[in-house]
Amino acid sequence: ILKEPDFGTPKSKAATMVSLEIDGIKVSVPEGTSVMRAARQVGQEVPSLCAADMLDAWGSCRMCLVEIEGARGTPASCTTPVREGMKVKTQTQRLEKIRRGVMELYISDHPLDCLTCAANGDCELQDTAGEVGLRDVRYGFEGEKHFGAGADPKDESNPYFTFDSSKCIVCSRCVRACEEVQGTFALTIQGRGFDSKVSAGIMADDFFGSECVSCGACVQACPTATLREKAVHEHGVPNRSVLTTCAYCGVGCSFKAELQGDQVIRMVPHKDGGANEGHSCVKGRFAWGYATHKDRVTTPMIREKTTDPWKEVSWDEAIHYAAQRFRTIQEKHGKGSIGGITSSRCTNEEVYAVQKLIRAAFGNNNVDTCARVCHSPTGYGLKTTLGTSAGTQDFKSVEQSDVILVIGANPTDGHPVFASRMKKRLREGAKLIVADPRRIDLVRSPHVAASHHLQLRPGTNVALMNALAHVVVTEGLVDEAFVAERCEAREFDRWRTFVAEERNSPEALEEKTGVPADDVRAAARLYATGGNAAIYYGLGVTEHSQGSTMVMAMANLAMATGNIGREGVGINPLRGQNNVQGSCDMGSFPHEFSGYRHVSDDKVRTLFEGDWGVKLSPEPGLRIPNMFAAAVEGSFRGLFVQGEDIAQSDPNTRHVTAALEAMECIVVQDLFLNETAAYAHVFFPGTSFLEKDGTFTNAERRINRVRPVMAEKNGGMAEWDAVCRLARAMGYNMHYDSASDIMDEIARLTPTFKGVSFARLDREGSMQWPVDDAAPNGTPTMHVAGFVRGKGRFMITEYVPTEERTNRSFPLILTTGRILSQYNVGAQTRRTENSRWHEVDRLEIHPFDAEERGIADGDMVSIQSRMGAVTLPAMISERMPQGVVYTTFHHPTSGSNVITTDQSDWATNCPEYKVTAVQVARSNQPSEWQMELEN
Ligand code: SF4
Ligand code: SF4
Ligand code: SF4
Ligand code: FES
């Protein structure tokens, strides 16, 4: 099992080095390093209980005392910084005696059930007692307050871990982890001295009822068995580990899967993980049980018609059946009559295999991916302005930011581990501007308060951004030197004239955006003059009819103020899915090969044709919405769906299901029989991330390894292998011996991946693309010396109001989003205990809007749009501005996509999930659609 060293206190960032001697060993460390850390670096193990290198030194346990030549007493090594020429002794008879005495006190108030304790073999108290040579306890063990009859009962309220205060040594590591690492401040130490104890909040009875978000940081920090995973209680301490990557959001946290045999006992965040540095959230840390859920389908299945029952068959039969049906369709309706959708849930290698299947074996470019409905405008907007379809920074960069502008993103729910890093920087004094219709948690949470909350009306992003730019341009806040050196002058001048127009002033736009002009002015000044300013944004930016325009507007603002090309600044999409960046990189779009190169580019096509040994089409293929339209109209008749639940996650459900029903052959490759599989004819059982061998690319372009933790549960078929076999059955010879081979091909054909291989990733850890001759070790920050496209390009961003208008029949605007505990359509998280936090989707509505309609908290309400209706319970919430309602889409029966419309981004067709005009009314029955679904 991988045990990461713990150096006791955080690493010092100082540049000056200090030399000292520890137990006669010479060592040189950065100024500000603790004596403890320096000692551990040279292998001198100072015992400790209250220290951990994820946390600031605390100095309470008195175990780590040392002697320092010329100094009086025995200072704690964790709180003593090194000094030049210092001579330290970590082991003397005097120290030994003191440490033993301290330990004796601890143990006198600790139950002696080591052999039957869940932490046996994984307990720092136990280890340290051994280390200091504790042999007897003179105080006896009776009369203790903390265990036995006087003890508090165990708190089992959290589904994933227990809190047994009888074992607590009040080292406060849990409290500090919750504050310093997670930033939630759910725990406190109540009482004083011997009576002090850890408690989950003051208002709450237990963990579940408290502010706790179940990130597990406290459990990880706890040196005793006080806070312990329930799985460890149940199965015992794990005995082997495999390093891998979380398969939920685009943060891409690294984890150690800890196992006994092939049973995962727990997932522990990996300290060396570039994206998470040892932290995690409730999904990655605890919600992986779906991988072994009984609902998983593990045998291939086929059926003639979707009304027939499924028939379990061998892999060979399923593959040949699918190939034959696809071939028949192509013979009848032409090459372009079939296509496929790749999945951001899958590895780069699996995605690459599917797009190759489509281009090389199907013979067309009808491939698209879920990024169509989330971040396609990011790709378009950033490519147009800066030259790369990806964010500019790594997550660590936020540590250097002075002003953070969060737009249309809710990181504490959507990207929790990044939110923790951001909150840490905010606690250090960075300023925050939030632009969001809802009052998200970041606006005001413990020790974090936004300087400005620009509570704009959904659909007016571009107007707001133009207003901010107007202030920058008209108040002389442009970084003229940056613009002159790095951007195209003519385009900049055009843009400057455009945003300076009076109609783009905060005053002129106030009525449209709903944001007071003074706030906009103040926020713009802060962003432009407050030091390093960074933009982080999410789907609240992209999923609009002007999604691409908005991305370009943000890039304009960043360029105009010189906030690009170094640490602490930049413009960063918080990408939703684990590998959505990767699936785009791998050529999942109908107009691009891997590395964002257009299919019409003869040179690129020739390269691929040479390598793949087949003629490729220069014509861009169909996007998902076009596939659906063509299916309804009859020319598109077959679809390979890799790990996507389009029936639930795409907008305008009725239209999507009509398209799916119209097709002759749908092949679904997935873990579960999802909503889309109801329309499928062939089912290929997939593999969970715990079974995959490959790579994921996160939101910061970081390529992380995904390693098989257990054997494939689908009869030993890697997903890419099933895809290769299908290609062969269709007559195109596609073959790889391993996932690593696929990466070698990707590296061979994609300039930005040139230096990537499994061997290198295994050796060196993660790498951020581009990894090429110019940047052999990867690129944490983009556009440092110049923009990838040469000069930065300012684009005119005219605000065009969405066609989705409110009126008397549909007076409210509906917007949708995510919650921390659930993940998108919930296919995975609903199959875990995470549902305890979010059992149903609710409609959040402002008290006035509710009152006007006679709606009370918890009432069932019907939400009617121009497209359809659903019924959900209402939740009265002052987070909402008047006139705007909000819901999540984690449960299939909620059907929020029944009401979303066909409106989409002008450039990329990304659907306008965030703006739907609706009416809300009390209702005591499910909608017509929901009733149909139930039957
Ligand atoms: S699980 Fe996380 S949020 Fe909950 S108390 Fe522990 S550290 Fe705090
Ligand atoms: S619960 Fe664990 S980490 Fe927290 S104070 Fe007690 S022993 Fe320390
Ligand atoms: S923040 Fe994202 S990647 Fe990290 S553990 Fe949570 S869901 Fe997984
Ligand atoms: S580790 Fe230094 S006082 Fe606890």
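Atoms within a ligand are numbered from 1 in the order they appear, just like the ligands themselves. Only heavy atoms go into these numbers, but all of them, side chains included; no hydrogens, no water, no symmetry mates.
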T226 heavy atoms within 4.0 Å reach ligand 2 at atoms 1 (S), 2 (Fe), 7 (S)
Exercise. Y536 and F418: aromatic ring centres closer than 6.0 Å?
Worked result: yes
- Query: Relative to F672, does R831 satisfy both conditions: NZ or CZ under 6.0 angstrom from the six-membered ring centre, and within 45 degrees of the ring's axis?
  - Reply: yes
At under 4.0 Å between heavy atoms, what of C246 touches ligand 3? The answer is side chain
A student checking ligand 2 against V198 at a 4.0 Å heavy-atom cut-off should list atoms 4 (Fe), 5 (S)
Within 4.0 Å of some non-hydrogen atom of S60, the atoms of ligand 4 are 3 (S)
Taking only non-hydrogen atoms of T224 and a 4.0 Å limit, the atoms of ligand 2 in range are 7 (S)
Check for me whether A221 has a heavy atom closer than 4.0 Å to any atom of ligand 2. no
To atom 5 (S) of ligand 3, the nearest of C215, S420, C281 on a heavy-atom basis is C281
dist Q44:CD -> S77:OG (nearest 0.5 Å) comes out at 12.0 Å
If we number the atoms of ligand 2 from 1 as shown, the ones under 4.0 Å from a heavy atom of I169 are 6 (Fe), 7 (S)
Between the side chains of N348 and T697, is a donor N or O closer than 3.5 angstrom to an acceptor N or O? yes
Of C171, G59, C78, C61, the one whose closest heavy atom lies nearest atom 4 (Fe) of ligand 4 is C61
Note: ligand 2 atoms sitting under 4.0 Å from heavy atoms of C168 are 1 (S), 5 (S), 6 (Fe), 7 (S)
min-distance protein heavy atom vs atom 8 (Fe) of ligand 2 -> C171 SG, 2.3 Å
For S172, the ligand 2 atoms with a heavy-atom partner under 4.0 Å come out as 5 (S), 8 (Fe)
If we number the atoms of ligand 2 from 1 as shown, the ones under 4.0 Å from a heavy atom of V170 are 5 (S), 6 (Fe)
- Any heavy atom of F418 sitting closer than 4.0 Å to ligand 3? no
A student checking ligand 4 against A51 at a 4.0 Å heavy-atom cut-off should list atoms 1 (S)
Checking E700, M422, H415 against F395 for side chain to side chain contact (heavy atoms under 4.5 Å, CB included), the one that qualifies is E700
With side chains defined as the heavy atoms from C-beta onward, is the minimum distance between Y160 and V282 less than 4.5 Å? yes
In terms of its nearest heavy atom to atom 1 (S) of ligand 3, the top option of V417, N698, V282 is V417
Per-atom filter on ligand 4: closer than 4.0 angstrom to a heavy atom of C64 are 1 (S), 2 (Fe), 3 (S)
